[in-house]
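Whatever order the structure lists them in is the order used to number ligands and atoms, beginning at 1.
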Amino acid sequence: MPIFGSLEFNSLEDLFVTQLEDLYDAEHRIIRALPKMSEAAHARDLKQAFDQHLAQTRGHVDRLDRIFREINKTPERETCEAMIGLLREGEEMIDSKGDPDVRDAALIAAAQRVEHYEIAGYGTARSMAKHLGHAEAERLLGETLEEEKSTDVKLTEIAETQVNVHALH
Ligand SMILES: [Fe+2]
């Protein structure tokens, strides 16, 4: 969403499309960021989690493309200022120095903020799709939502079972 802009919403459909455009922009930015997160990760499981989520994220863009087609809209990106900020924080973790396990914990902290943004965005968009009667869009958004949630859970598991445990020693 633009911080200062001139969005105009005359219908829930307008708002729904803008929400999709925001997510479309966010996903493209995440695709650029994840290889750097993976490269910076020390623990093998964390690297794998980032790599797997990169593949999933490409699928999220494909799903959004399908949704735009479903509702007869051309896919467009609405600059996602929040994702720019979240990924800038991620860059700080990528560029950080110090203990590898603590740095992994820092990468996870940044990545989970990204996931929670997406969980909020997809949850909202799915509710709107439901309300608007876009059944296929609702289904596709739900699929991506579940993948974002499971990524978040996996990152928590990695943090709790490996990274934070090692970082304490
Ligand atoms: Fe995603």
Exercise for the section: Could you walk me through whether Thr156 and Gln112 pass side chain to side chain donor-acceptor pair (under 3.5 Å), step by step? Expected result: CA-CA 8 Å; Thr156 298; Gln112 288 195 287; 2.8 Å; yes
Practice task
Taking the Fe ion (ligand 1) as the vertex, measure the angle between atom ND1 in His60 and atom OE2 in Glu118; round to 10°.
Solution key: 160°
Exercise for the section: To the nearest 10 degrees, calculate the angle at the Fe ion (ligand 1) involving OE2 of Glu148 and OE2 of Glu27. Expected result: 100°
Handout entry: Check: Glu8 and Asn10 side chains under 4.5 Å, non-hydrogen atoms
Key = yes
Exercise for the section: Answer yes or no for His53: is there an N/O/S atom below the 2.8 Å cut-off from the Fe ion (ligand 1)? Expected result: no
Completion exercise
Residue pairs passing the ring pair (Phe, Tyr, Trp, His ring centres under 6.0 Å) test with at least one member in residues 49-92, sequence neighbours excluded, are Tyr24-Phe68, His53-His60
Handout entry: ILVMFWY cluster, Leu64 and Ile31 together (side-chain gap under 4.5 Å)
Key = yes
Handout entry: Metal site the Fe ion (ligand 1): N/O/S of Glu147 inside 2.8 Å
Key = no
